Amino acid sequence: MDTPRIINLPKFLDARGNLSFVEQENHIPFTIKRTYWLYDVPGGECRGGHAYKENEEFIVALSGSFDVILDDGKEKKTFTLNRSYYGLYVPKGLWREMENFSTNSLAMILSSTNYDACDYVRDYDEFLMLKRNGKI
Ligand code: TYD
């Protein structure tokens, strides 16, 4: 399985304002089928709390900051995202939570699949069981 990792993106620093970009299968290891974003997250709220069986993601803090906690069933790792020139690659099969959203933060998420409710595992015990059995 691929490991989660921070991927640095190109950045063009310019007195007129900075520019970064991301290309599918170049900077990130998948084809982008979907983009969604999280915004207006009230202080103290958490998002995520699930795993995907197939979907892979690349998460960028376009504005503000937040933490992404990834859990492979054995250990948890926290990644703080707070710049728009890098993102976190999240392979399939990991439990993920997002928390500590700063005011006005904006999370952009690039996904490798279209939305499919059946791809979600939302029960943590079920996630652990699937992990133990090598099913996710
Ligand atoms: P969910 O993935 O549970 O949000 P998060 O992981 O950020 O906490 O999605 C919340 C709701 O939005 C859920 O009812 C499904 C819907 N949704 C879509 O319809 N399409 C999408 O691409 C996403 C990500 C969610």
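Predicted model, so just to flag it, every value in this text is computed and none were measured. Just the heavy atoms: all of them, side chains too, but no hydrogens, waters or symmetry mates, feed the values below. Counting starts at 1 for both ligands and their atoms, following the listed order.
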Please identify each residue that fulfils ring pair (Phe, Tyr, Trp, His ring centres under 6.0 Å) with Y85, with sequence neighbours left out.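 Not a single residue meets the ring pair (Phe, Tyr, Trp, His ring centres under 6.0 Å) criterion with Y85.
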Which residue owns the protein heavy atom closest to [atom], what's the atom, and how far is it?
atom                    : value
atom 15 (C) of ligand 1 : Y115 OH, 3.1 Å
atom 3 (O) of ligand 1  : R122 NH2, 2.9 Å
atom 8 (O) of ligand 1  : G48 N, 2.8 Å
atom 2 (O) of ligand 1  : Y120 OH, 2.5 Å

Protein heavy-atom contact under 4.0 Å for atom 12 (O) of ligand 1?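 Answer no: nothing from the protein, no heavy atom, is under 4.0 Å.
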Does the protein put any heavy atom within less than 4.0 Å of atom 20 (N) of ligand 1?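 Under 4.0 Å from atom 20 (N) of ligand 1, at least one protein heavy atom found.
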Subset of ligand 1 atoms that lie under 4.0 Å from at least one heavy atom of [X]:
X   : answer
H50 : 2 (O), 5 (P), 6 (O)
R34 : 21 (C), 22 (O), 23 (C), 24 (C)
Y36 : 24 (C)

So between M98, R47, R96, whose heavy atom ends up nearest atom 10 (C) of ligand 1?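 Looking at heavy atoms only, the winner is R47.
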For the residue pair H27 and F21, is the inter-centroid distance of their aromatic rings smaller than 6.0 Å?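 Yes - the distance between ring centres of H27 and F21 falls below the 6.0 Å cut-off.
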Applying a heavy-atom cut-off of 4.0 Å, say which part of K33 lies close to ligand 1: side chain, backbone, both or neither.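 The answer is neither; K33 stays 4.0 Å or more away.
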What part of I109, side chain from CB on, backbone N/CA/C/O, both or neither, has a heavy atom under 4.0 Å from ligand 1?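 Neither part.
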Distance-only donor-acceptor check, side chains [X] and [Y], under 3.5 Å:
X    : Y   : result
S111 : E56 : no
E57  : Y89 : no
T78  : D67 : no

With a 4.5 Å limit on heavy-atom distance, are the side chains of F12 and N18 in contact?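 Side-chain contact under 4.5 Å: no.
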Under a 4.5 Å side-chain heavy-atom rule over Ile, Leu, Val, Met, Phe, Trp and Tyr, are I59 and Y39 clustered together?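 Unlinked, I59 and Y39 end up in two clusters.
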By side chain to side chain donor-acceptor pair (under 3.5 Å), which residues pair with D119, not counting sequence neighbours?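 So D119 forms no side chain to side chain donor-acceptor pair (under 3.5 Å) with any residue.
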